[in-house]
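So the structure is just underneath, and the comments pick up after that.
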2 protein chains.
Amino acid sequence: MPERPQDPAALIAARGGRVTRTRTAVLSVLFDAGRPISHDEVGAALDARGVSHDRVTLYRTLDWLVSHDLAHKVAGPDRAWRFNAVGDEEHRHAHFHCDLCGRVFCLESLQPAIAATLPSGFRLGRAELSFHGLCPSCPGPLRSDAGHNRNKIAP
Amino acid sequence: MPERPQDPAALIAARGGRVTRTRTAVLSVLFDAGRPISHDEVGAALDARGVSHDRVTLYRTLDWLVSHDLAHKVAGPDRAWRFNAVGDEEHRHAHFHCDLCGRVFCLESLQPAIAATLPSGFRLGRAELSFHGLCPSCPGPLRSDAGHNRNKIAP
DNA sequence: CGGCTAATGCAACAGTGTAGCGTTTGTCTG
DNA sequence: CAGACAAACGCTACACTGTTGCATTAGCCG
């Protein structure tokens, strides 16, 4: 759900980076994905577009995009990062992690009002709200394999 | 901050597990830590107590504790799991991840009132609220090395 | 005590991410 | 347009986290 599919090359150039094939392709892939995708998924998408996808270069490209505010990094449930493109909209929404297929979804509509007062000494960088469960395209009720579930969130 | 430092052996036996040296030692370490610690930290603590700490056994022991509701798994910022002991109190609080030292703190006092309505189709398992920044024992203001920071959480 | 099985420990492996370094290639200047 | 400089690439090798298989050990129960 890219709000406005801006020109990747222009965005990259605007940040003072060199406009390379990998960068524009990766950013374009992220824009098209519309949800945070893993390094692997990006690689597959690059394959489909016939763009080289060296593993290391891909990592560095994604890191570059993140450090230049063109992408965001979300921790996935399988200890792999997910990346999603950032237009010029604020990235302040929750994420949903599917326990079954491992995909991550942005919950744009969810703007939690977190009234948080941190204990003294803690300096806040950012907050992250994530939900875990089963996504619409995965079968089954709540899984009951690994211990007990807690179907409650807020008191 | 273990509410009541119950006897690890008794807790383990109560779940129908065999009371072994590794298990009791690991659970005891978790109780003493009072915050989610990594597999590595557990290993170091076991060393200090003169208990064997085979890597694989440690992983399996921790997983066993988690699957029997004696411990909780928290995703760390460095893609390593952190584990903390669970007495009989509910584990419904936020976590603070220090960007510098990587430690994770339980924010017991923080009971966020999340009024979340998931889009239809999503089935919720659990929710997690995490904060990232600098902990009291780490130096410096908010780091400014990797891109721009967002010092705001809630609108 | 004796036996059954859970739990252990060892080795080997898989996936994710990083470091070093020589080569390619944008981009800028003349 | 040509040349040069540095950013970006791509390769190899590596580190770390976590897993699988399997033979061995050791709780627990009779």
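Naming convention: chains lettered A, B, ... in sequence-line order (proteins, then strands); numbering from 1 in each chain.
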Between [X] ([atom1]) and [N] ([atom2]), how many Å, whole number?
X	N	atom1	atom2	value
A/L62	D/dA8	CG	C1'	14 Å
A/L58	C/dT18	CG	C1'	14 Å
A/R60	C/dC21	CZ	C1'	10 Å
B/H39	D/dT19	NE2	P	10 Å

After noting the C-alpha distance and the side-chain angles of A/L62 and A/L30, does the key distance pass the side-chain contact (heavy atoms from CB on, under 4.5 Å) rule?
CA-CA 10 Å; A/L62 288 167; A/L30 291 184; 4.2 Å; yes

With a 6.0 Å cut-off on the ring centroids, do B/F122 and A/F96 count as close?
yes

Please lay out, stage by stage, how A/R82 and A/I37 fare under the test side-chain contact (heavy atoms from CB on, under 4.5 Å).
CA-CA 5 Å; A/R82 314 284 153 130; A/I37 58 178; 5.9 Å; no

Qualifying side-chain hydrogen bond (donor to acceptor under 3.5 Å, both in side chains) pairs, either residue in residues 37-51 of chain B, two or more places apart
B/S28-B/R49, B/D32-B/R49, B/R35-B/E41, B/S38-B/E41, B/D47-B/H53

OP1 or OP2 of D/dT17 less than 4.0 angstrom from a side-chain nitrogen or oxygen of B/W81, does that happen here?
no

Any B/T22 side-chain nitrogen or oxygen under 4.0 Å from OP1 or OP2 of C/dT8:
yes

Which letter, B, S or -, goes with each nucleotide of nucleotides 25-30 of chain D from 5' to 3', with contact meaning a protein heavy atom under 4.0 Å?
-BBS--

Starting at the 5' end of DNA chain D and moving along, which residue's nearest nucleotide shows up first, B/R79 or A/T57?
A/T57

Answer with base, sugar-phosphate or nothing: what part of the nucleic acid does A/R23 contact at a heavy-atom distance below 4.0 Å?
sugar-phosphate

Compare the minimum distances between each of [options] and the side chain of [X], then state the nucleotide with the smallest one.
X	options	answer
A/A80	D/dG18, D/dC11, C/dG17	C/dG17
B/V56	D/dC9, C/dA11, C/dG9	C/dA11
A/Y59	C/dT18, D/dG10, C/dC10	C/dT18

Considering only NZ, NE, NH1 and NH2 on the basic side and carboxylate oxygens on the acidic side, decide whether A/R15 and A/D69 come within less than 4.0 Å.
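Judged by the 4.0 Å cut-off on N to carboxylate O distance, A/R15 and A/D69 do not form a salt bridge.
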
For the side chain of B/R55 and the base of C/dG9, is some donor closer than 3.5 Å to an acceptor across the two?
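No, the side chain and the base share no sub-3.5 Å donor-acceptor pair.
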
Let me check something: do B/V42 and B/Y59 share a hydrophobic cluster, defined by ILVMFWY side-chain heavy atoms less than 4.5 Å apart, either directly or through other members?
no

